[in-house]
> 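Got a structure here, written out as structure tokens. Questions coming.
Note that the structure is predicted; figures quoted are calculated from it, not measured. Side chains are part of it too, since the values below use all heavy atoms of this structure and drop only hydrogens, waters and symmetry mates. Order of the sequence lines sets the chain letters (A, B, ...), proteins ahead of strands, with each chain counted from 1.
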Amino acid sequence: MPEATDDLFTREDPIFANKELLEISHLPGEGRIVGRDNEISDLATAVNPAIFGQSPSNVLIYGKTGTGKSLCAKYVSQRLVDTAGEEGVTATFAYVDCAQDTTETQAVQTIADSVNDSEITGIKVPDKGLSTSTYYKRLWRILDQRFNVVLIILDEIDKLDDDDILMQLSRAGEAGKITDCKLGVIGISNKIQYKDRMDERVKSSLCEREFVFPPYDANQLRDIMDARSDAFRDGVLDSSTIPRAAALAAREHGDARKAIDILRYAGEIAQSNGSPTVKEVFVTQARERAETDRFRELIRGSTPHSRYVLQALALLSLSNSHKDGFRTSRVYEIYESICRQEGSDSLSLRRVRDLLKEHAFLDIIEQSKHSGGSAEGSYTKHQLLEDPGVVKEVLTEN
DNA sequence: CATCCACAGGAATGAACGGTTT
DNA sequence: AAACCGTTCATTCCTGTGGATG
């Protein structure tokens with residue numbers, strides 16, 4: 001609707017000039033990745049052979065969330081594909097978020113689907129309905145048909161509930177499943193201990209190279225935010241805003257994603273307050289909003305009972321502050337009463353134990369094992385890692 | 001030193017569901 | 001239309017665990 005001149009809507013955003021720069025999905029272009037130069041060149045040497053159509057080294061990357069692991073992996077892979085193309089080698093890479101595709105079948109499906117082009121190959125990769133081995137067979141066919149080299153990035157590899165896919169991928173060449181195509185795996189994990197529970201055979205082949213990404217320090221975070229500051233209009237950012245946000249984020253976690261979230265929220269708060277500039281004080285409010293948003297995202301899609309369990313724990317933490325956790329039976333009692341209140345049948349104790357374990361895996365709660373006392377054997381205590389107030393608020397929203 | 005209790009967690013099972021294939 | 005296939009959510013049964021108690 002062009003050129004209408006009423007003042008009902010603001011047509012010029014007073015704060016943001018280019019907000020996409022602050023979206024999590026936004027991939028910074030060349031020269032916009034800050035403070036990861038060493039990591040990038042290390043990665044590049046590891047996968048370098050692919051340019052000549054040889055097998056790239058398999059790589060495992062460790063590092064906490066928001067340290068630029070997937071960013072660098074994607075960046076290097078893209079550059080590799082481009083460079084290989086200049087050398088006349090057809091290469092591609094596939095990115096799998098194992099937090100979403102937790103099972104072997106789903107992961108293979110995503111890989112096959114993302115490297116496929118059914119117009120060229122004539123191979124169809126349906127979303128579901130096929131057996132795992134069928135997906136593999138189609139994947140190998142596609143790869144042999146189309147590519148000389150393929151890189152497979154497995155992000156959050158520790159969320160995978162099986163090692164099977166790693167086995168298959170690492171042995172694909174040897175077992176003669178693929179003949180014309182070389183395959184490299186880049187695994188990304190934020191749990192250092194992940195390697196310990198890996199199958200021995202997989203470990204030796206997958207961990208040819210290992211890199212650890214350290215958290216960003218305050219200076220790097222500031223550079224990262226500076227690099228994206230043209231998301232805002234000129235002069236809108238107070239000079240102290242970014243340093244404040246960087247200091248806050250560095251002290252707490254060194255997570256670049258969270259830091260950028262905070263910056264974006266600060267801008268949105270300025271917007272809704274009608275403030276002409278993004279003031280330093282908005283940063284603190286933004287941090288709180290970032291927290292609740294992150295938590296809401298974390299439990300999105302979880303079943304009602306999974307929430308009740310969490311709610312039970314939140315209630316316990318609120319009424320008994322400064323306790324180092326609550327044992328399963330206590331949580332279960334409260335959970336049962338919440339169920340009665342909600343008018344739904346409660347699940348078995350066994351099931352609730354599993355639900356608690358799932359939350360522990362997502363770092364929403366922390367579990368600790370204890371033993372002692374007469375007739376107590378071993379038991380587990382659960383403690384909320386999030387702010388109980390936030391948890392209760394989000395869970396009782398609707 | 002065997003017993004006991006309250007809890008942990010593995011294994012087997014199955015129903016419901018949404019999809020493909022032939 | 002019937003046969004398959006994988007996933008998720010849940011239950012039931014069963015075997016460990018470990019320190020105080022008699």
> I want to check something: taking the side chain as every heavy atom from C-beta on, are A/Val278 and A/Ile269 in contact at a cut-off of under 4.5 Å?
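In short, these two side chains do not touch, never coming nearer than 4.5 Å.
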
> Figure out the OH/C1' separation between A/Tyr135 and B/dG19, and round it to whole Å.
8 Å

> Which whole-number value in Å describes the distance from A/Leu349 CG to B/dA6 P?
13 Å

> Would A/Lys69 and A/Glu156 pass as an ion pair if we require N to O under 4.0 Å?
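Looking at A/Lys69 and A/Glu156, the cut-off is not met.
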
> Under 4.0 Å between a Lys/Arg side-chain N and an Asp/Glu carboxylate O for A/Lys258 and A/Glu252?
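Salt bridge flag = no for A/Glu252 with A/Lys258.
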
> Look at the side-chain N and O atoms of A/Ser348 and state whether any lies under 4.0 Å from the OP1 or OP2 oxygen of C/dT11.
yes

> Using the closest heavy atom to pick a nucleotide of DNA chain B for each, name whichever of A/Arg330 or A/Lys357 lands nearer the 5' end.
A/Arg330

> How long is the line joining NZ of A/Lys128 and C1' of C/dG6, in whole Å?
8 Å

> Taking NZ from A/Lys381 and P from B/dA8, how many angstroms apart are they, rounded to a whole number?
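Computing the A/Lys381:NZ to B/dA8:P distance gives 12 Å.
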
> Rounded to the nearest angstrom, tell me the gap between atom CD in A/Glu104 and atom P in C/dC5.
15 Å

> Using the side-chain heavy atoms of A/Gln106, tell me which of these nucleotides is nearest: C/dG6, C/dT7, C/dA10.
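The nucleotide sitting nearest to the side chain is C/dT7.
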
> For A/Arg171, I'd like to know if atom CZ has over 12 heavy atoms of other residues, nucleotides or ligands within 6.0 Å.
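No, the 6.0 Å shell around CZ holds no more than 12 heavy atoms from other groups.
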
> Here's a test of your reading of the structure: between A/Glu358 and A/Arg350, which maps to the more 5' nucleotide of DNA chain C?
A/Glu358

> Counting only side-chain nitrogens and oxygens, does A/Thr328 get under 4.0 Å of the OP1 or OP2 atom of B/dC7?
no

> How long is the line joining CD of A/Glu333 and C1' of B/dA6, in whole Å?
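It works out to 13 Å between those atoms.
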
> B/dA8 phosphate, OP1 or OP2: any side-chain N/O from A/Arg353 under 4.0 angstrom?
yes

> Base, sugar-phosphate or nothing for A/Ser378? Non-hydrogen atoms, less than 4.0 Å.
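Base, at least one base heavy atom under 4.0 Å.
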
> Check the angle between the aromatic planes of A/Tyr379 and A/His370 and answer parallel, tilted or perpendicular using the 30° and 60° thresholds.
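Aromatic pair A/Tyr379/A/His370 classed parallel.
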
> Starting the side chain at C-beta, find the nucleotide from C/dG19, B/dG9, C/dC9 nearest to A/Thr380.
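Among C/dG19, B/dG9, C/dC9, the one nearest the side chain of A/Thr380 is B/dG9.
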
> Please determine if a side-chain N or O atom of A/Lys369 lies less than 4.0 Å away from the OP1 or OP2 oxygen of B/dG9.
yes

> Looking at every strand, decide which applies to A/Thr134 at a 4.0 Å heavy-atom threshold: base, sugar-phosphate, or nothing.
nothing

> For A/Thr103 and C/dG6, is the shortest distance between a side-chain N/O and OP1 or OP2 below 4.0 Å?
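No, because none of the side-chain N or O atoms of A/Thr103 sits under 4.0 Å from OP1 or OP2 of C/dG6.
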
> Can you tell me the distance, in whole Å, between the CG atom of A/Asp164 and the P atom of C/dT7?
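For the pair A/Asp164 CG and C/dT7 P, the rounded distance is 11 Å.
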
> Distance check needed: C/dT17 C1' versus A/Arg327 CZ, whole Å only.
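These atoms are roughly 13 Å apart.
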
